[in-house]
Amino acid sequence: MSTEYIKIKNHINGAWLDESNGQYEPLRNPSTGHVIGEVPLSSPATSREATAAAAAAYPAWSALPLPKRMDFIFKMHRAMEDNLEMLAHSIAIDQAKHIAEARGEVGRVIEILQMACTIPALIQGDTVQGIANNINGRLIKAPLGVFCGVAPFNFPALVFGWFIPFAIGTGNTFVYKPSTESPLFMQKMMQLLCDIGLPDGVVNIVHGDREVVEAWYEDDNVAGVCLVGSTPTAKAIGEGCGRGGKKTMLLGGAKNFLAAMEDAPMDLLIDNILMSGYGSAGQRCLAVSNIAVVPEIYDDFLARLLEASRKVTLGDAMDPDIFMGPVISASARKRIHDYIDIGLAEGATLALDGRNPQLPEANQDGYFVGPTVFTDVTPCMRIAKEEIFGPVLNIIKVGCIDGALRMIRNHPLGNGACIFTQNSFYTEKFINEADVGMVGVNVGICAPHPYLPFGGIKGSLVGNNKVQGKDAIDFFTQSKVATIRVVDPRGVTATATTAATADNNVRSCVAS
């Protein structure tokens with residue numbers, strides 16, 4: 001791992017720039033707690049400079065023939081394939097995602113880019129012939145202008161893939177604000193975009209806090225804003241963009257459920273819970289949190305889960321021999337510890353305590369929380385209702401599938417839920433009745449493939465727009481309708497028939 005001090009920069013109109021206000025905050029490696037660089041806290045003026053650059057680049061970029069825009073998406077795909085290891089390392093350094101998972105994240109973005117390469121097929125409009133005499137109708141999918149995006153710390157590559165390829169592939173330009181806690185991936189990715197010759201201003205990066213985003217609300221250059229983050233943040237951005245008349249795609253928080261039925265394939269179940277609950281140290285929007293277990297398997301399940309959880313190894317995210325890296329920051333670790341205290345105060349039983357885990361000497365100052373398991377949890381407890389965003393599992397005993405479905409239905413968030421069963425009746429009932437946006441059967445992480453939309457419902461999605469797939473193409477375009485009268489250049493003979501037809505056309509609501 002490089003020990004070089006990393007000075008993160010903005011990238012505006014093709015140039016790497018220091019922040020003019022001189023405000024920076026430390027960038028840390030969560031595996032060690034050490035400061036490894038600094039990140040600018042950009043001003044609203046810098047934010048507007050970036051949107052102005054994107055607006056200036058928009059006319060030429062949107063006018064570029066679609067096959068030439070797609071050339072850049074293909075080049076982006078090839079560049080990510082050629083630099084997968086470098087990009088994965090950047091994620092493992094500042095976001096401290098385990099290196100194997102970081103490789104998987106970059107690999108998923110490469111798959112998303114493959115989907116983005118289908119834009120020419122999916123952006124096609126429609127034509128209606130013969131609306132009236134010599135009048136046809138045409139529906140066109142057109143770009144809108146400048147979009148802006150906000151990324152969370154936990155998936156710096158994935159959210160880039162959800163936003164930027166679809167936005168620029170459909171003819172828009174973009175301003176991107178990475179998380180100040182994990183900005184390194186986008187520094188590396190932006191350099192690759194420069195290397196493939198992407199025109200200046202098509203993609204711009206501005207680092208900072210909410211002041212950067214709030215500057216977009218009344219910015220006439222901005223057509224829309226995208227976010228993956230918490231539900232309160234999504235609502236705040238939705239309100240601000242509503243005042244400014246901006247289009248939005250806002251993915252919020254989650255509290256995901258897993259139902260384990262009496263016929264659950266136990267080995268598969270435990271393996272999937274380990275990856276879904278402890279992978280990325282539980283810092284996933286699709287991490288399993290509440291596990292509903294029927295009485296028939298409860299004792300056996302709990303014994304196996306605790307045994308497997310105690311074997312989870314913690315350490316540096318770059319170490320391929322460990323299973324779980326740290327959480328993102330000291331404040332994140334404190335928040336998770338506070339939730340453990342809350343669970344105990346509410347009467348839950350702490351079957352496995354992840355505080356003060358055993359660590360390698362080099363990682364003693366890192367931000368680690370070990371696997372944590374609560375039993376005797378009820379749905380009304382805060383640990384069962386609120387998003388903890390850490391490796392904390394709540395085991396809830398339910399009488400049957402209806403009890404699990406009732407908990408899911410009553411929760412205000414609706415991101416994802418999974419069931420483990422070999423019973424087709426349970427499978428179909430769960431798919432139909434689980435009140436979430438993404439359902440899994442015998443999979444611990446029900447993340448849809450890039451061909452399909454990704455996003456929840458209820459409080460997990462502010463608005464209606466989801467990411468990736470055809471939904472992304474629909475979001476980054478607007479429907480333009482053309483009504484076209486074809487006139488014979490040879491002139492029209494004023495017969496009674498044509499006169500009557502013309503009179504009908506004039507009096508109709510189609511055209512005059």
Side-chain angles (χ1 to χ4, degrees), residues 12-13 47-70 72-73 112 115-116 118-126 138-151 159-177 193 198-206 212-228 234 237-251 453 455 461-482:
I12 299 174
N13 200 29
S47 183
R48 289 189 290 271
E49 181 185 352
T51 60
Y58 172 70
W61 179 252
S62 60
L64 195 67
L66 180 57
K68 292 189 178 297
R69 289 204 306 267
M70 298 315 299
F72 286 104
I73 305 300
I112 291 172
M115 171 61 198
T118 68
I119 286 173
L122 298 177
I123 203 174
Q124 296 175 25
D126 295 298
R138 185 182 303 160
L139 176 66
I140 303 160
K141 304 290 283 184
L144 287 89
V146 177
F147 279 87
C148 301
V150 184
V159 176
F160 157 83
W162 281 343
F163 293 169
I164 291 178
F166 293 102
I168 69 173
T170 52
N172 306 284
T173 54
F174 210 90
V175 176
Y176 192 66
K177 193 195 86 64
L193 297 183
L198 190 70
D200 295 347
V202 173
V203 174
N204 307 270
I205 307 174
V206 178
V212 169
V213 180
E214 290 169 352
W216 300 335
Y217 299 161
E218 305 297 333
D219 190 334
D220 291 339
N221 287 322
V222 176
V225 176
C226 322
L227 165 84
V228 176
I237 292 177
E239 290 172 1
C241 287
R243 293 193 303 271
K246 315 300 183 188
K247 194 173 186 181
T248 56
M249 178 166 64
L250 307 170
L251 275 65
L461 183 70
V462 177
N464 302 306
N465 298 291
K466 299 185 179 183
V467 298
Q468 76 181 25
K470 191 174 185 299
D471 286 47
I473 295 171
D474 289 341
F475 174 74
F476 288 115
T477 57
Q478 57 187 332
S479 294
K480 179 186 292 186
V481 175

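Residue indices begin at 1 and follow the sequence shown. Computed from a predicted structure; not experimentally measured.
In this structure, Arg69 contributes its side chain and Leu64 its backbone to a donor-acceptor pair below 3.5 Å. Without hydrogens or angle criteria, Asn204 side chain to Gly201 main chain gives a donor-acceptor distance under 3.5 Å. Looking only at distances, a side-chain donor or acceptor of Tyr176 sits under 3.5 Å from a matching main-chain atom of Phe160. Of the possible polar contacts, none joining the Lys141 side chain to the Leu122 backbone as a donor-acceptor pair under 3.5 Å is found. When atom types are taken as modelled, the side chain of Gln478 and the backbone of Pro143 share a donor-acceptor pair closer than 3.5 angstrom.
For the pair Lys247 and Phe475, the cation sits on the ring face: its NZ or CZ lies under 6.0 Å from the ring centre, inside 45° of the axis.
For Trp162, the ring pair (Phe, Tyr, Trp, His ring centres under 6.0 Å) criterion is met by Phe454, not counting sequence neighbours.
Ring-plane geometry between Phe72 and Trp61 is classed as tilted, the angle between the planes lying from 30 to 60 degrees on a 0 to 90 degree scale.
Nearest heavy atoms, Met249 versus Asn465: CG-O, 3.5 Å. Nearest heavy-atom pair across Val206 and Lys177 is O-CG, 3.0 Å. The two residues Ile140 and Ala482 have their closest heavy-atom pair at CD1-CB, 4.4 Å. Closest of all the heavy-atom pairs between Trp216 and Ser47 is NE1-OG, 2.9 Å. Contact record, Val222 with Cys148: CG2-SG, 3.8 Å, taken as the closest heavy-atom pair. In this structure, Ala234 and Leu227 approach most closely via the heavy-atom pair CA-CD2, 3.4 Å.
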Legend entry - From CA spacing to verdict: side-chain contact (heavy atoms from CB on, under 4.5 Å), Ile73, Ile168: CA-CA 9 Å; Ile73 305 300; Ile168 69 173; 4.1 Å; yes
Legend entry - Derivation of the side-chain contact (heavy atoms from CB on, under 4.5 Å) call for Thr248 and Val462: CA-CA 9 Å; Thr248 56; Val462 177; over 6 Å; no
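Within the model, atoms CD1 of Ile164 and CG of Asn172 stand 12.0 Å from one another, a figure rounded to the nearest 0.5 Å. For the atom pair Ile237 CD1 and Glu214 CD, the distance stands at 9.0 Å (nearest 0.5 Å). Once rounded to the nearest 0.5 Å, the distance linking NZ of Lys470 with CE of Met115 reads 9.0 Å. Interatomic distance, Leu144 CG to Thr173 OG1, rounded to the nearest 0.5 Å: 11.0 Å. Note: Thr51 OG1 to Asp219 CG = 3.5 Å, rounded to the nearest 0.5 Å. Here CZ of Phe174 is found 12.0 Å from CG of Leu193. Values are rounded to the nearest 0.5 Å.
Leu461 has its side chain out of reach of Leu250: every pair of non-hydrogen atoms, C-beta onward, lies at least 4.5 Å apart. Side-chain contact between Ile112 and Phe166 is present, with at least one heavy-atom pair separated by less than 4.5 Å.
Residue pairs meeting the salt bridge (charged side-chain N to carboxylate O under 4.0 Å, His left out) criterion with at least one partner in residues 159-173, sequence neighbours excluded, are absent.
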